[in-house]
Amino acid sequence: MPSLPATVQHRLRHLLLNALTFALCYLTANLLAQQQGIVRHAALPFEASIPFLQWMILPYLSSGVFFCLVFFMVKTQDELRVISQRLLLATVVAAILFVIYPLQFSWPRPVIESSWCAYLYASLTLMDKPYNQLPSLHVSYCILFWQALHTHIRSTPGRVALASWLTLTAISTLFTYQHHSLDLVGGALLAFFCITMITPRKKEPHVAFYYLVMACALLSTGVLAWHLPLALYLMCSLLLVSLAYFRRDRNFLHKREGQHPWWIWLMYAPYLLGYRLTWQAVVWRERHKPVVIKLTEQLWVGRRLSNVEASQLPADCSIIDLANELSETRALRAHTYRYFPLMDLLTTEPDTVREILQYMRAEMEGGKTVYLHCAMGYSRCIVLAKLYMSQGTLIRQ
């Protein structure tokens, strides 16, 4: 099945995520190295003869232009996901290495004679000090840009032009006195690592990856850079969530009778509170809309309801809770209540789908109205309700 076209909203979301991650991780590592007064470097003896070419600042700065435009130049949602995740992975891995082993460029730049070049170098210095050396993110990004864009250029001259400019951008790091040769090698290796780890044509969101990226960002900034105990706790909690999504363990929160035990709250408080805040935001945003959707007289769907909202349900309503991340409302648990743990954004296994649909059928045949809900009412309950209404053969198997 071909991937759907990427929308402007998708593109802006991925651009914002990458920009924020870069700003947090890269600038923190740079500032830390400056505060520590790092002087060690990875320069090789022959590099003292590399000339300083002040005009190379133009291709060097063009990396930032590519960083923004690449999200709007790919076509499909899958291509957008791939370049976004590769850039994120490169950023957080490089930031961890920057913090673990910070380096400084080994000699100062010569006096810049051109006024416009001097202005560009001064602007660069405001946000990028001579640290964050190995690996070179410039090189990593250039390789990742090429991988994302070259298939969209059909003409040979166009591909040659793209390859030439990205190569010039990568090697400009040497001639602007931003990086040494080993930094470029490290950047290339990091890019190939990201290409190997993030592959195209994935059918569902890589939720585990995004929690891993958030954990790595906390590792580089809060744990390694600033040694914050809270950051260590947040990092470990997000790593556990990432592992649960990677294993597709839909029982990892151990929700029983609609409630999470206290020790789960200790382990997963950031994750659970994040969903709780999101649910409250959805309740506020949709406060003028109906709280439930009546698909049929006996099948109602929606989000987790508050105690007040639950009073709108029939007295003999049967509640089916799919929201793994939220504890169930007391008023909903007062009804006939059944919980099926489903992981948000992941495809549900056929056996689990069949079990839920069979239970729905049994309740409705018994004359009850079923309220099928997930956390926000956007995906899991809608998918299952549509399956119930359109695939009766599945229920009878």
Side-chain angles (χ1 to χ4, degrees), residues 1-26 63-92 141 144-145 147-149 151-153 194 198-214 216-217 238 241-242 245 270-271 273-291 293 301-304 322-323 325-326 342-348 373-386:
M1 182 178 177
S3 179
L4 298 174
T7 66
V8 173
Q9 184 179 16
H10 291 139
R11 299 174 193 277
L12 291 173
R13 187 185 307 150
H14 282 282
L15 172 58
L16 180 61
L17 176 60
N18 274 270
L20 291 176
T21 303
F22 176 85
L24 174 66
C25 296
Y26 189 89
S63 176
V65 178
F66 274 99
F67 187 91
C68 297
L69 291 182
V70 70
F71 296 99
F72 297 90
M73 297 173 73
V74 295
K75 295 181 179 179
T76 68
Q77 292 184 25
D78 188 60
E79 290 173 335
L80 180 62
R81 175 193 63 82
V82 168
I83 183 58
S84 176
Q85 291 183 352
R86 286 174 176 174
L87 291 174
L88 282 171
L89 184 60
T91 300
V92 296
Y141 287 169
L144 297 179
F145 295 153
Q147 282 292 111
L149 299 177
T151 57
H152 298 290
I153 301 177
C194 295
I198 306 299
T199 57
R201 292 181 292 279
K202 186 175 177 62
K203 296 181 180 179
E204 61 185 8
H206 200 333
V207 182
F209 170 82
Y210 289 109
Y211 281 107
L212 178 62
V213 165
M214 288 190 287
C216 290
L238 292 178
V241 176
S242 177
Y245 269 92
Y271 177 73
L273 288 174
Y275 264 89
R276 179 75 183 204
L277 291 174
T278 303
W279 176 80
Q280 289 177 333
V282 169
V283 171
W284 180 85
R285 187 180 65 185
E286 299 183 351
R287 61 192 182 280
H288 301 304
K289 297 181 180 179
V291 296
I293 301 173
V301 298
R303 56 172 167 79
R304 172 190 183 267
L322 308 176
E325 314 81 12
L326 295 174
L342 300 186
M343 302 189 80
D344 196 10
L345 302 175
L346 296 188
T347 304
T348 306
H373 80 85
C374 52
M376 313 303 164
Y378 294 149
S379 56
R380 287 167 284 186
C381 64
I382 300 297
V383 170
L384 282 166
K386 288 181 177 179

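Note that the coordinates shown come from a computational prediction; the quantities given were computed from them, not determined experimentally. Only heavy atoms go into these numbers, but all of them, side chains included; no hydrogens, no water, no symmetry mates.
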Can you measure from [atom1] ([X]) to [atom2] ([Y]) and round to the nearest 0.5 angstrom?
X      : Y      : atom1 : atom2 : result
Arg81  : Asp78  : CZ    : CG    : 4.5 Å
Cys381 : Leu322 : SG    : CG    : 7.0 Å
Ile83  : Phe71  : CD1   : CZ    : 6.5 Å
Leu20  : Leu15  : CG    : CG    : 9.0 Å
Leu326 : Met376 : CG    : CE    : 5.5 Å
Leu88  : Phe209 : CG    : CZ    : 5.5 Å

Does any part of the side chain of [Y], heavy atoms only, come nearer than 4.5 Å to the side chain of [X], both counted from C-beta?
X      : Y      : value
Tyr271 : Leu238 : no
Tyr245 : His206 : no
Met73  : Glu79  : no

Return the minimal non-hydrogen interatomic distance between [X] and [Y], and the atom names on each side.
X      : Y      : answer
Ala375 : Arg303 : O-CB, 3.3 Å
Ala385 : Val301 : CB-CG1, 3.7 Å
Gly377 : Ile382 : O-CG1, 3.7 Å
His14  : Ser84  : ND1-OG, 2.8 Å
Val74  : Ala148 : CG1-O, 3.9 Å
Phe145 : Ser63  : CE1-O, 3.8 Å

Verify, without hydrogens or angle tests, whether [X] (side chain) and [Y] (backbone) share a donor-acceptor contact under 3.5 angstrom.
X      : Y      : answer
Arg380 : Leu342 : yes
Arg11  : Leu80  : no
His10  : Thr7   : yes

Subject >> Neighbour count above 12 (heavy atom, 6.0 Å) for Arg201 CZ >> reply: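 No, the 6.0 Å shell around CZ holds no more than 12 heavy atoms from other groups.
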Subject >> Intermediate values then yes/no, ring pair (Phe, Tyr, Trp, His ring centres under 6.0 Å), Phe67 and Tyr141 >> reply: CA-CA 8 Å; Phe67 187 91; Tyr141 287 169; 5.6 Å; yes
